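Take a look at the structure set out below.
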Amino acid sequence: MTVPIAIIGTGIAGLSAAQALTEAGHVVQLFDKSRGSGGRMSSKRSDAGALDLGAQYFTARDRRFVTEVQRWQANGWVAEWTPQLYTYHGGQLNLSPDEQTRWVGTPRMSAITRGLLGDLEVQFACRITEVYRGEEHWHLQDAEGFTHGPFGHVVIATPAPQATALLASAPKLAGAAAGVKMDPTWAVALAFETPLDTPMEGCFVQDSPLDWLARNRSKPGRDNTLDTWVLHATSAWSRQHIDLSKEAVIEQLHGAFAELLHDAMPAPTFSLAHRWLYARPATSHEWGVLADADLGLYVCGDWCLSGRVEGAWLSGQEAARRLHAHLQ
Ligand code: FAD
Ligand code: NAI
């Protein structure tokens, strides 16, 4: 009997590992506490169409990731986004064009992880609470009290604080993960019946509660009929307002947006707020992966490299490479 490899987390890191392990001939079983894949690259279906509330776009700098993104493009999962970019600094909005290639999932960010998932075996709405080793194999316990296994190896592909909680069997790895703090981000989506009178499609913001804003429907292939915007607060503002109600967060960030446009902004016909508790690592690391190969435990995610989509994907590749190499 082939004993499969368990992968906890179906964000880009977990699916990167899953794909590489499957290609190397291994059998994987995936678990995610959410109802779908994508993690921080997921998209929210709403009355205003699908909205990318987490990762907004990504860049590809590492040669291996560039090759992978070309494959995604050939599959129709991604397209280039060429927004009219602005900066906001000292109360001034300025056009800020550049030559950087920026990618987005099409028709929504979640198309990428959905494509990578394909028909791999996965259990959604399954929050793993414990990872433990029996005499020979690994087992997982979920929040409903069910046990999954046996597994030959386990790959944990979650944000650092959630990984720490699953690493009781490997105190050294748990210690490293526990040292990684992750900052929150409040995200707000607003939709307007009458398009806002601005050519802006993306903006890097300073001196404001806002950090970034994007015109969601300027991205390729979007189905938004209304003029939809996604606003991200800074880590500092998000931390200070972590327990604010969603209504109050919408009101304050809508106000910051209006101030930035120097405009009496209309009331949105649709709004929502989402709190990303573990949005980005506060410090960067160059670990690639945390591993105890003798135990058969691997930990990957954006926080093991750059806290970006590219770093998460590369970390998943590294976890798969190390696991496969150990079995050779
Ligand atoms: P995640 O995507 O967090 O995946 C982890 C998965 O594990 C999740 O699906 C979660 O549900 C699951 N999980 C967690 N705990 C458990 C458990 N106990 N049991 C089962 N499942 C569990 N990056 C860019 O490159 N460009 C950007 O513009 C950009 N903007 C961003 C904006 C925001 C607001 C946020 C939040 C992130 C942004 N990022 C951006 C970062 C990027 O989204 C992440 O680096 C990347 O998606 C992380 O992938 P991951 O697989 O490491 O983790
Ligand atoms: P990138 O190269 O487009 O941006 C990197 C940084 O360079 C930007 O944050 C911005 O400060 C600056 N910049 C880039 N283009 C600019 C322009 N035309 N004018 C002025 N400044 C410009 O993309 P990269 O390196 O892939 O970074 C991804 C983005 O994702 C970053 O903006 C980062 O802040 C954001 N991110 C947000 C997270 C969150 O939780 N809110 C989490 C992780 C990443």
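Both counts, for ligands and for their atoms, begin at 1 and track the order of listing. The model shown is predicted, which means the values in this text are computed figures rather than measured ones.
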Practice item. Spell out, as yes or no, whether a donor-acceptor pair under 3.5 Å connects the side chain of D227 to the backbone of L196. Key: yes
Practice item. Give the atoms of ligand 1, by number and element, whose distance to some non-hydrogen atom of R308 is under 4.0 Å. Key: 23 (N), 25 (O), 45 (O)
Check your understanding: Is H232 close to ligand 1, meaning an N/O of one under 3.5 Å from an N/O of the other?
Key -> no
Practice item. Distance to 0.1 Å, residue and atom name: give those for the protein heavy atom nearest to atom 51 (O) of ligand 1. Key: A13 N, 2.9 Å
Check your understanding: So which heavy atom in the protein is nearest atom 30 (O) of ligand 2, and how far is it from that ligand atom?
Key -> Y57 OH, 4.9 Å
Practice item. Could you pull out the closest heavy-atom pair between H137 and G152, with the gap in Å? Key: CD2-CA, 4.3 Å
Revision key, fill the gap. When rounded to the nearest 0.5 Å, the distance separating OH of Y298 from CD1 of I156 is 12.5 Å
Review point. Against heavy atoms of L85, which atoms of ligand 2 measure under 4.0 Å?
Key: 18 (N)
Review point. I128 to ligand 1: N or O pair under 3.5 Å?
Key: yes
Revision key, fill the gap. Taking only non-hydrogen atoms of A312 and a 4.0 Å limit, the atoms of ligand 1 in range are 48 (C), 49 (O), 52 (O)
Practice item. Examine the proximity of ligand 2 to R61 and report which part, side chain or backbone, both or neither, has a heavy atom under 4.0 Å away. Key: side chain
Study note, to complete from the structure: Looking only at protein heavy atoms, what sits closest to atom 11 (O) of ligand 1 is D32 OD1, 2.6 Å
**Study point:** atom 26 (O) of ligand 2: nearest protein contact (heavy atom, Å)
**Key:** T59 OG1, 2.6 Å
Check your understanding: With a 4.0 Å cut-off on heavy atoms, is A187 touching ligand 1?
Key -> no
Study note, to complete from the structure: Residue, atom and distance of the protein heavy atom nearest atom 43 (C) of ligand 2 read G307 O, 3.3 Å
Exercise for review: Quick one: pull up CZ in R280 and OG in S306 and give me the separation to the nearest 0.5 Å.
Suggested key: 12.0 Å
Review point. Charged N to carboxylate O under 4.0 angstrom, D292 versus K172?
Key: no
Revision key, fill the gap. T87 heavy atoms within 4.0 Å reach ligand 2 at atoms 19 (N), 20 (C)
Exercise for review: May I ask whether atom 5 (C) of ligand 2 is less than 4.0 Å from at least one protein heavy atom?
Suggested key: no
Exercise for review: Provide the number and element of each atom of ligand 2 under 4.0 Å from a heavy atom of T185.
Suggested key: 39 (C), 40 (O), 41 (N)
Check your understanding: Should T158 be counted as touching ligand 1, given the test is an N or O pair under 3.5 Å?
Key -> no
Check your understanding: Is R40 in polar range of ligand 1, meaning some N or O pair under 3.5 Å apart?
Key -> yes
Check your understanding: Of the protein's non-hydrogen atoms, which lies at the shortest distance from atom 42 (C) of ligand 1, and what is that distance?
Key -> V309 CG2, 4.0 Å
Exercise for review: May I ask you to check if ligand 1 and S34 share an N or O to N or O distance below 3.5 Å?
Suggested key: yes
Revision key, fill the gap. for atom 41 (C) of ligand 1, nearest protein heavy atom and its distance come out as G307 O, 3.9 Å
Practice item. Provide the number and element of each atom of ligand 1 under 4.0 Å from a heavy atom of R127. Key: 18 (N), 19 (N)
Exercise for review: Number the atoms of ligand 2 from 1 as they appear, then name those within less than 4.0 Å of a heavy atom of D98, with their elements.
Suggested key: 15 (N), 16 (C), 17 (C), 18 (N)
Review point. Considering only protein heavy atoms, which is closest to atom 11 (O) of ligand 2, and at what distance to one decimal place?
Key: F204 CD2, 4.2 Å
Check your understanding: With atoms numbered from 1 as shown, which atoms in ligand 1 lie under 4.0 angstrom from a non-hydrogen atom of A157?
Key -> 5 (C), 6 (C), 7 (O)
Point to revise | Part of C126 with heavy atoms under 4.0 Å of ligand 1, whether side chain, backbone, both or neither | key: backbone
Exercise for review: Assign the ring pair W72 / W77 to parallel, tilted or perpendicular, where the plane angle (0 to 90°) is split at 30° and 60°.
Suggested key: tilted
Exercise for review: Rounded to the nearest 0.5 Å, what's the gap from NE2 on H241 to OG1 on T234? Could you check?
Suggested key: 9.0 Å
Review point. Which atoms of ligand 1 have any heavy atom of Q56 under 4.0 Å away?
Key: 27 (C), 28 (O), 29 (C), 30 (N)
Review point. Considering only protein heavy atoms, which is closest to atom 52 (O) of ligand 1, and at what distance to one decimal place?
Key: D302 N, 3.0 Å
**Study point:** For Y57, atoms of ligand 1 separated by under 4.0 Å from a heavy atom
**Key:** 24 (C), 25 (O), 26 (N), 27 (C), 28 (O)
Check your understanding: Any N or O of G301 that comes nearer than 3.5 Å to an N or O of ligand 1?
Key -> no
Check your understanding: Can you hop from L327 to W138 via hydrophobic side chains spaced under 4.5 Å?
Key -> no
Check your understanding: Any non-hydrogen atom of S16 lying under 4.0 Å from ligand 1?
Key -> no
Review point. Does R102 come within less than 4.0 angstrom of ligand 2, counting non-hydrogen atoms of the residue?
Key: yes
Check your understanding: Between R308, R280, E310, which one has a non-hydrogen atom sitting closest to atom 42 (C) of ligand 2?
Key -> R280
Study note, to complete from the structure: Near P159 (heavy-atom distance under 4.0 Å), the atoms of ligand 1 are 3 (O), 5 (C)
**Study point:** Criterion ring pair (Phe, Tyr, Trp, His ring centres under 6.0 Å) against W212, the qualifying member of W229, F257, Y88, Y57
**Key:** Y57
Point to revise | Proximal atoms of ligand 1 relative to M41 (non-hydrogen, under 4.0 Å) | key: 47 (O)
Check your understanding: Side chain, backbone, both or neither: which part of I8 has a heavy atom under 4.0 Å from ligand 1?
Key -> side chain
Review point. Which option out of A312, S96, S238 puts a heavy atom nearest to atom 17 (C) of ligand 2?
Key: S96
Review point. Do you know the tightest heavy-atom contact between R102 and D98?
Key: NH2-OD2, 2.8 Å
